[in-house]
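Please read the structure below before turning to the comments.
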Amino acid sequence: MALKIFNTLSGEKELFSPLTEGEVRMYVCGVTVYDSAHVGHARSLITFDVIFRYLKFSGHRVEFVRNFTDVDDKIINKANEEKVGWEKITARYIEEYYRDGEMLGLLRPTAEPRATLHIPDIIALIERLEAKELAYRVDGDVYFPVERFAGYGKLSGKKIEEMEAGARVEVDERKKSPLDFALWKSSKPGEPTWDSPWGPGRPGWHIECSAMSTKYLGQPFDIHGGGRDLMFPHHENEIAQSEGAFGKPLARYWIHNGLLTVNGEKMSKSLGNYFTIQEILQVHDAAALRHLFMGSHYRSPVDFSTEALEEAGRATDRIHETLARAGQSLKPGAEAIPEAGLMDAFRSEMDDDFNTPRALALIFDEARALNRSLDEKNSKGLEGRAAALRSMCDALGLLHSGYFERKKERWLKKGIVNREEIESLIARRDGARREKNWPEADRIRQQLRDKGILIEDTPGGTLWKVK
RNA sequence: GGCGGCGUACCCAAGUGGUUAAGGGAGAGGUCUGCAAAACCUCGAUGCAGCGGUUCGAAUCCGCUCGCCGCCUCCA
């Protein structure tokens, strides 16, 4: 068994072997912090969180770097709109981003560098490119001449001539090719500015990733990831800059996650068809969102809808229900070893380019088998199998403690019922049941049901949960 | 226009040359239950957009047709 990864660079699944045995260096493009992150960002975040988790799960030491782009036109525009400094904008959204990440159950990367804290590294890289005649100045701007880099287009499979012919951009006459991109931009008054050999200005978008990835991970490093939409031009430009500057590959495996769509169209700010992560998490559990994403392969598009999310939520309920049930009937404190056969099966699914849909199928198969054993009061091998189920879910980040309690909280917050009301209705119903007053007991149950509360009579007493 | 991808049951979705086409949701029937809920059991595509072809054998390879999407512009 060995991990295979689909490498965008080759267009094929390849056997993954890190540069250093047992160690993986991974860089993923993060977000530009000018607005709240939406569910599309969440997909990318969760995809690479799972990859991070699984690489660790399979015994690697992982250096995982994800950046913040904290200097950009959109940030400046937002600052101007609100008449505040740009640092206020980036600070606000970085803070929001950390809160989102925590709620999504993301593992923290090993480093989360910001562009503005790496200006010297960026300048040094541009100088290096300039020395190799891979940069030219136009007024206070510095551009990268794409036709001077032979491999331009190798990641996205595009050809310079074809792109120039079909260019839809308004052509900047000062550039040698419409595809040339800015390494450094001169700044207008009031914009973020740093001194540089080319005059006061700020870095272009792509250069920060080249500078920071290599600074933290060396060159080449093992995995570079990001959303499909970053493949061109962003990642192509990163390759041009880094490989142009150092004459060696930037990254060995390129991973791109598929995009999130809404009614079949890409979720994006410009289309206005997006939900922020916060909006969604007020109504749904992060585990359900993650489950929704895990249900499709990371490279496929996923169509987002609240119906799909609710459906994923019902599936997530089942897993947590099973886990809770298994937890109750196991000896407390017993340190069980996950059942080896199950773990092997899980690994072989995940080793196939992180095939989470198949891994989920395995999880459900085992959930059913476990429930069956529990129904039959057959405790043989139960601990090991429950531990395996738990471990598989954990490797996907699906284990969110307090899952049902959060579900209750979300419902109670709507103000339709409160706990006291539920408890007293249940007490009254229990009284009716003791007297075998079934019509009254059923009437109370219906009353609760109308308020979204389901009653469950168990040997240990009456429990309630949210519908 | 160029490049890439997708079309599998009511819905979502794996599978990409070879036993009965995973799994989830919804639905139907059943076991359990005072009745429920949960759980479990059973049933759901002789067929994988359509048409041709290659092959002993195709959802899986090739060709054409139809439909949808992404990138080529900031974008996870």
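Any value given below was found using the heavy atoms of this structure, including those in side chains, with hydrogens, waters and symmetry copies removed. Computed from a predicted structure; not experimentally measured. Sequence lines set the chain letters: A, B, ... in the order given, protein chains first and strands last, and positions in each chain run from 1.
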Please list, pair by pair, any protein nitrogen or oxygen found under 3.5 Å from a nitrogen or oxygen in nucleotides 58-62 of chain B.
none

### Query
Could you spell out the base pairing of RNA chain B in dot-bracket, with Watson-Crick or G-U pairs whose two distances are under 3.5 Å, [ ] crossing and | to another strand?
((((((((.[[[..)..(....]]].(((((.......))))).....[[[[[..)....]]]]])))))))....
### Task
Given ring pair (Phe, Tyr, Trp, His ring centres under 6.0 Å), test F48(A) with Y27(A) step by step and report yes or no.
CA-CA 10 Å; F48(A) 288 100; Y27(A) 184 90; over 10 Å; no
### Query
What is the nucleic acid contact for G264(A), judged by heavy atoms within less than 4.0 Å: base, sugar-phosphate only, or nothing?
sugar-phosphate
### Message
For the P atoms, the ones on rG4(B) and on rC10(B), what distance do you get once it is rounded to whole angstrom?
### Response
33 Å
## Note on the structure
Of E321(A) and G157(A), the one whose closest nucleotide on RNA chain B sits nearer the 5' end is G157(A)
### Message
Between rC68(B) and rG47(B), how far apart are the two P atoms, rounded to whole Å?
### Response
27 Å
### Task
Using the C1' atom as the reference point in each nucleotide, state the distance between rC71(B) and rG15(B) in Å, no decimals.
27 Å
### For D73(A), the option from R202(A), K78(A), K188(A) that meets salt bridge (charged side-chain N to carboxylate O under 4.0 Å, His left out)
R202(A)
#### Entry: Whole-angstrom distance between rC72(B) and rC56(B), as gauged at atom C1'
46 Å
### Query
When all nucleic acid strands are considered with a 4.0 Å heavy-atom cut-off, which category describes M231(A): base, sugar-phosphate, or nothing?
nothing
### Task
In plain terms, say whether K175(A) and D141(A) are close enough for a salt bridge, that is, a side-chain N and a carboxylate O under 4.0 Å apart.
no
### Task
Tell me whether the OP1 or OP2 atom of rA14(B) has a side-chain N or O from S300(A) closer than 4.0 Å.
yes
### Task
Would you classify L374(A) as touching base, sugar-phosphate or nothing, given that sugar-phosphate means primed atoms plus P, OP1 and OP2, and contacts are heavy atoms under 4.0 Å?
nothing
### Task
Using a 4.0 Å heavy-atom cut-off across all strands, classify G30(A) as base, sugar-phosphate, or nothing.
sugar-phosphate
### Query
How do R43(A) and A369(A) order along RNA chain B: which one's closest nucleotide is nearer the 5' end?
A369(A)
### Message
When you measure only distances, ignoring hydrogens and angles, does the side chain of D442(A) come within 3.5 Å of the base of rG34(B) through a donor and an acceptor?
### Response
yes
### Task
Check the angle between the aromatic planes of H235(A) and H256(A) and answer parallel, tilted or perpendicular using the 30° and 60° thresholds.
tilted
### Task
List the steps, then state whether side-chain hydrogen bond (donor to acceptor under 3.5 Å, both in side chains) holds for S210(A) with E238(A).
CA-CA 6 Å; S210(A) 283; E238(A) 276 184 57; 4.9 Å; no
### Query
Are F364(A) and H291(A) close enough, and set up right, to give a ring pair (Phe, Tyr, Trp, His ring centres under 6.0 Å), and what steps lead you there?
CA-CA 12 Å; F364(A) 278 105; H291(A) 190 106; 5.7 Å; yes
#### Entry: Separation of the C1' atoms in rC12(B) and rU54(B), to the nearest angstrom
34 Å
### Query
With sugar-phosphate meaning primed atoms plus P, OP1 and OP2, does R449(A) contact a base, only sugar-phosphate, or nothing at under 4.0 Å between heavy atoms?
sugar-phosphate
### Query
Rounding to the closest angstrom, what is the interatomic distance between rG18(B) and rA58(B) at atom P?
11 Å
### Task
Pick base, sugar-phosphate or nothing for H297(A), based on heavy-atom distances below 4.0 Å to the nucleic acid.
sugar-phosphate
### Message
Between rC43(B) and rG50(B), how far apart are the two P atoms, rounded to whole Å?
### Response
27 Å
### Task
Ignoring backbone atoms, test whether K269(A) places a side-chain nitrogen or oxygen under 4.0 Å from the OP1 or OP2 oxygen of rA76(B).
no
So which protein N/O to nucleotides 16-25 of chain B N/O distances come out below 3.5 Å?
{"unit_1": "rG24(B)", "atom_1": "OP1", "unit_2": "R368(A)", "atom_2": "NH2", "d": "2.7"}
{"unit_1": "rG24(B)", "atom_1": "N2", "unit_2": "E311(A)", "atom_2": "OE2", "d": "2.6"}
{"unit_1": "rG25(B)", "atom_1": "O3'", "unit_2": "R314(A)", "atom_2": "NE", "d": "3.1"}
{"unit_1": "rG25(B)", "atom_1": "O2'", "unit_2": "R314(A)", "atom_2": "NH2", "d": "3.2"}

### Task
May I have the distance from F181(A) (atom CZ) to rU73(B) (atom C1'), rounded to whole angstrom?
15 Å
### Same-atom distance (C1') from rC32(B) to rG17(B), integer angstrom
46 Å
### Query
Reckon N371(A) has a side-chain N or O less than 4.0 Å from the OP1 or OP2 of rC40(B)?
yes
### Query
Are K465(A) and F404(A) in a cation-pi contact, defined as NZ or CZ under 6.0 Å from the six-membered ring centre and within 45° of the axis?
no
### Task
Mind checking N355(A) for me? I need base, sugar-phosphate or nothing, with any heavy atom below 4.0 Å counting as a touch.
sugar-phosphate
### Query
Under 4.0 angstrom, heavy atoms only, what part of the nucleic acid is K465(A) near: base, sugar-phosphate, or nothing?
sugar-phosphate
